[in-house]
Amino acid sequence: MYQKVKGTLDFYDESAIKYRYLESVISKVIKNYGYTEVITPIFENTEIFVRTSGEESDIVTKEMYTFLDKGKRSITLRPEGTAGVVRSFLENKMYANTTLTKLYYFGPMFRYERPQTGRYRQFTQFGVEAFGASSPLLDADVIISAYQIFKSLGIDNLKLKINTIGDFTSRNNYVDVLQDYFRKDIDKLCSDCNNRLEKNPLRILDCKIDSDNPIIKSAPKISDSLTQEAKDYFKEVLKALDYNNINYFVDENLVRGLDYYTDTVFEFIIESDDNLNGLAICGGGKYSDMVKSFGGPDIPGIGYAFGIERVISIMDQKGLFPNLDKAADVVLIALDEESKLYSLNLANKLRMNGYYADIDYFNTTMKQQFKLSDRLNAKFIIIIGEEELANNSLTIKNTKTKEQITIKEYMLLEYLKEKI
RNA sequence: GCGAUCGUGGCGAAGUGGUUAACGCAUUGGAUUGUGGCUCCAACAUUCGUGGGUUCGAUUCCCAUCGGUCGCCCCA
């Protein structure tokens with residue numbers, strides 16, 4: 001027996017309906033913010049992910065699905081969406097027509113990780129990227145758009161963590177300061193922190209094991225390394241969020257796993273009483289230099305992405321999905337072979353007129369066909385047998401009221417139009 | 001990459017080193033051959049993730065492997 005690849009999911013039936021429901025709600029909201037969809041390939045040349053996420057990042061060092069194609073090109077299944085969108089933005093010179101370009105994407109991402117709660121090897125992200133403006137107002141608006149999407153889905157058990165990590169130079173300065181600070185006491189910290197010292201010292205601040213350690217608590221703050229300009233910028237972002245009544249808290253230890261972020265970074269975290277608690281459902285930030293580092297013009301970008309599977313989990317857990325059952329409008333019950341042929345034809349006429357009509361393909365007993373109508377939750381049942389064929393009429397039964405009438409076929413559409 | 005735990009029919013779920021693997025739901029057939037959704041009766045795992053080993057004998061014990069779940073790391 002074949003099994004699906006480890007860490008992957010089949011969506012079918014109800015779960016597929018939920019998946020597509022999310023896509024439609026989300027895209028509808030984000031379009032009102034002026035975003036248009038960009039659909040990029042699922043794989044890219046490996047280099048673009050290495051360049052953007054950072055050679056030392058976890059994603060690049062251990063999580064990418066990378067392979068050589070038959071032309072010996074190094075190809076990678078995208079582990080995140082931003083790099084491909086930036087590449088597309090540049091390659092298609094989207095900046096030529098407007099100063100501000102707002103894009104969204106929705107699709108599968110791939111990371112080779114150990115599966116666990118809310119974590120899969122193939123998962124789906126929705127994300128946005130806005131290029132062209134370094135503006136606190138835009139930063140805030142991007143965050144608000146994520147907030148509104150969750151709100152329109154009914155999700156309110158989230159908290160927004162936000163921080164600023166400054167521009168590249170102040171961040172690099174801070175990294176040096178931190179390394180100097182931690183290096184002398186590194187043997188008093190956990191083994192993970194020892195690894196992080198050279199690779200990603202910012203993450204030491206976020207250590208869960210040593211979080212109460214005074215060495216970490218009294219570590220130099222990033223705010224000390226920020227330029228006044230960066231501080232002011234962040235203040236403006238917060239002001240805009242305040243004005244819009246967005247609840248947030250500034251977490252000075254919030255750093256993100258990807259190298260490309262600058263200034264504003266944020267995450268939405270799930271607050272719940274089960275194992276989902278504390279999971280990041282949405283993460284993003286500003287990246288001032290990525291476009292330029294790709295060899296493009298000096299255009300800043302900001303964006304976020306969130307995981308659809310995690311959203312589905314939350315919504316399931318909180319019962320937030322509306323009733324998405326599809327009920328058949330009409331099930332045709334045919335009692336003999338000739339009626340079967342006729343019902344096939346009639347069903348198709350109904351379908352072409354916009355009704356969901358179904359028939360039974362094998363059984364001839366009435367009971368079985370009634371069961372089919374139950375299963376499909378049919379609103380109406382049309383019974384066709386010798387009598388009806390002889391009189392050129394149809395027997396229609398309303399499954400709710402049990403009311404049953406006989407009419408001529410040409411009256412059917414008008415009848416349904418009135419009743420459905 | 002590290003650690004824990006689990007894997008019985010479409011689903012849920014009991015169970016035991018020994019000739020027929022409970023039960024519930026679902027499904028199918030019948031009671032009820034032009035009117036169903038209730039009820040009643042019946043059928044439905046030569047097999048207990050896969051492979052190997054121990055044993056007279058394993059679904060039950062051991063090993064391996066694949067997968068699920070849950071932690072760590074990291075993240076969506």
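Letters A, B, ... are given to chains in the order of the sequence lines, protein chains preceding strands, and every chain is numbered from 1. The basis for the numbers below is simple: all heavy atoms, side chains too, and nothing from hydrogens, waters or symmetry mates.
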Sugar-phosphate only, base, or nothing, as touched by A:Leu335 at under 4.0 Å among non-hydrogen atoms: base

For A:Met64 and B:C75, what is the distance between atoms CE and P respectively, to the nearest whole Å? 15 Å

With A:Asn45 via side-chain hydrogen bond (donor to acceptor under 3.5 Å, both in side chains) - residues at least two apart: none

In dot-bracket, 5' to 3', how would RNA chain B read with Watson-Crick or G-U wobble pairs under 3.5 Å, [ ] for crossing ones and | for pairs to another strand? (((((((..(((.....[....))).(((((.......))))).....(((((..]....))))))))))))....

Check ring-ring contact (aromatic ring centres under 6.0 Å, His included) between A:Phe268 and all other residues, then give those that pass, not counting sequence neighbours. A:Phe150

Look at the side chain of A:Glu113 and the base of B:A76, then say whether one donor and one acceptor between them are separated by less than 3.5 Å. yes

pair A:Asp176-A:Gln179: side-chain heavy atoms closer than 4.5 Å: yes

Ignoring the backbone of A:Met366, work out which of B:G34, B:C74, B:A76 is nearest its side chain. B:G34

Please determine, for the side chain of A:Lys62, which listed nucleotide (B:A76, B:G34, B:C73) has the closest atom? B:C73

With the threshold set at 4.0 Å, does a side-chain nitrogen-carboxylate oxygen contact exist between A:Lys62 and A:Asp58? yes

B:C63 versus B:A21 - spacing of their C1' atoms, nearest Å: 25 Å

Distance, C1' atom - from B:U55 to B:U60, rounded to whole angstrom: 13 Å

Among the candidates B:G34, B:C72, B:G37, find the nucleotide nearest to the side-chain atoms of A:Gln116. B:C72

Would you classify A:Glu386 as touching base, sugar-phosphate or nothing, given that sugar-phosphate means primed atoms plus P, OP1 and OP2, and contacts are heavy atoms under 4.0 Å? base

Work out how far the C1' atom of B:C44 is from that of B:G51, and round it to whole angstrom. 29 Å

Apply salt bridge (charged side-chain N to carboxylate O under 4.0 Å, His left out) to A:Arg73 and list each qualifying residue two or more places apart in sequence or on a separate chain. A:Asp69

Send over the distance from A:Asp58 CG to B:C72 C1', rounded to a whole Å. 12 Å

Does a salt bridge link A:Asp358 with A:Arg351, judged by any charged N lying under 4.0 Å from a carboxylate O? yes

For A:Asn173 and A:Ser170, which I'm curious about, is there any donor-acceptor pair between the side chains at under 3.5 Å? no

Quick one: which of B:C75, B:C74, B:G67 gets closest to the side chain of A:Lys6? B:G67

Taking the side chain as every heavy atom from C-beta outward, state whether A:Ile155 and A:Leu320 have any atom pair closer than 4.5 Å. yes

If the condition is side-chain hydrogen bond (donor to acceptor under 3.5 Å, both in side chains), which residues does A:Tyr304 pass it with, not counting sequence neighbours? A:Ser145

Separation between the P atoms of B:G10 and B:U47, rounded to whole Å: 13 Å

A:Lys28: partners by side chain to side chain contact (heavy atoms under 4.5 Å, CB included), with sequence neighbours left out: none

Between C1' of B:C73 and CZ of A:Arg111, the distance in whole Å: 14 Å

Counting side-chain heavy atoms from CB outward, which of B:A76, B:U69, B:U35 is closest to A:Pro115? B:U69

For A:Phe126 and A:Phe106, take the angle between the two ring planes, folded into 0 to 90°, and tell me which bin it lands in: parallel under 30, tilted 30 to 60, perpendicular over 60. tilted

Ordered by number, residues from residues 388-398 of chain A within less than 4.0 Å of RNA chain B (heavy atoms) are A:Glu388, A:Thr395, A:Lys397

Classify A:Glu80 by what it touches in the nucleic acid, base, sugar-phosphate, or nothing, heavy-atom distance under 4.0 Å. nothing

Could you check whether any side-chain heavy atom of A:Pro115 comes within less than 4.5 Å of a side-chain heavy atom of A:Lys6, counting everything from C-beta outward? yes

Mind checking if A:Thr124 touches a base, just sugar-phosphate, or nothing, with heavy atoms under 4.0 Å? nothing

Under 4.0 Å between any heavy atoms, over every strand shown, what does A:Gln369 touch: base, sugar-phosphate, or nothing? Just pick one. nothing

Pairwise C1' distance, B:C11 and B:C56 [rounded to whole Å]: 38 Å

Set of residues satisfying side-chain hydrogen bond (donor to acceptor under 3.5 Å, both in side chains) with respect to A:Thr365, sequence neighbours excluded: A:Gln368

A:Phe123 aromatic ring stacked with six-membered ring of B:A76, 5.5 Å and 30°: yes

P atoms of B:C38 and B:U28, separation to the nearest Å: 13 Å

So, for A:Tyr260 and A:Tyr287, is the gap between ring centers shorter than 6.0 Å? yes

With heavy atoms under 4.0 Å as the rule, sort A:Gly81 into base, sugar-phosphate or nothing. nothing

Can A:Asp224 and A:Lys221 be counted as an ion pair, charged N to O under 4.0 angstrom? no

Would A:Arg121 and A:Phe110 count as a cation-pi pair here, with the cationic atom under 6.0 angstrom from the ring centre and within 45° of the axis? no

A:Arg20 and A:Glu23 ion-paired at < 4.0 Å: yes

Measure the distance from CD1 on A:Ile59 to P on B:A76 and round it to the nearest whole Å. 7 Å

In whole angstrom, give the distance that lies between atom CD of A:Glu14 and atom C1' of B:C11. 14 Å

In whole angstrom, what separates A:Asp13's CG from B:C11's P? 14 Å

Have a look at A:Ile383 and say if it touches a base, only the backbone sugar-phosphate, or nothing, with a 4.0 Å heavy-atom cut-off. base

Under 3.5 Å between N/O atoms: give me all the protein pairs with nucleotides 41-45 of chain B, atom names plus distance.
none

Excluding sequence neighbours, so at least two apart, what forms side-chain hydrogen bond (donor to acceptor under 3.5 Å, both in side chains) with A:Glu44? A:Arg87

Length of the line joining A:Arg119:CZ and B:G67:C1', which is rounded to integer Å: 17 Å

Could you measure between the two P atoms, the one in B:U35 and the one in B:C40, and give it in whole Å? 23 Å

Under 4.0 angstrom, heavy atoms only, what part of the nucleic acid is A:Gly127 near: base, sugar-phosphate, or nothing? nothing

For the C1' atoms, the ones on B:C62 and on B:C73, what distance do you get once it is rounded to whole angstrom? 32 Å

Please work out if A:Tyr120 contacts a base, only the sugar-phosphate, or nothing of the nucleic acid, heavy-atom cut-off 4.0 Å. base

No-hydrogen, no-angle side-chain donor-acceptor test under 3.5 Å, A:Tyr342 and A:Glu409: yes

Rounded to the nearest Å, what distance is computed from the CD atom of residue A:Glu387 to the P atom of nucleotide B:G34? 10 Å

Just the atom pairs and distances: protein N or O near nucleotides 3-7 of chain B's N or O, under 3.5 Å.
from, atom 1, to, atom 2, distance (Å)
B:G3, O6, A:Arg114, NH2, 3.3

Output a table of nitrogen or oxygen pairs between the protein and nucleotides 26-30 of chain B separated by less than 3.5 Å.
from, atom 1, to, atom 2, distance (Å)
B:G29, OP1, A:Gln368, NE2, 2.2
B:G29, OP2, A:Gln368, NE2, 3.3

Does a side-chain N or O of A:Thr117 approach OP1 or OP2 of B:G71 to a distance below 4.0 Å, or not? yes

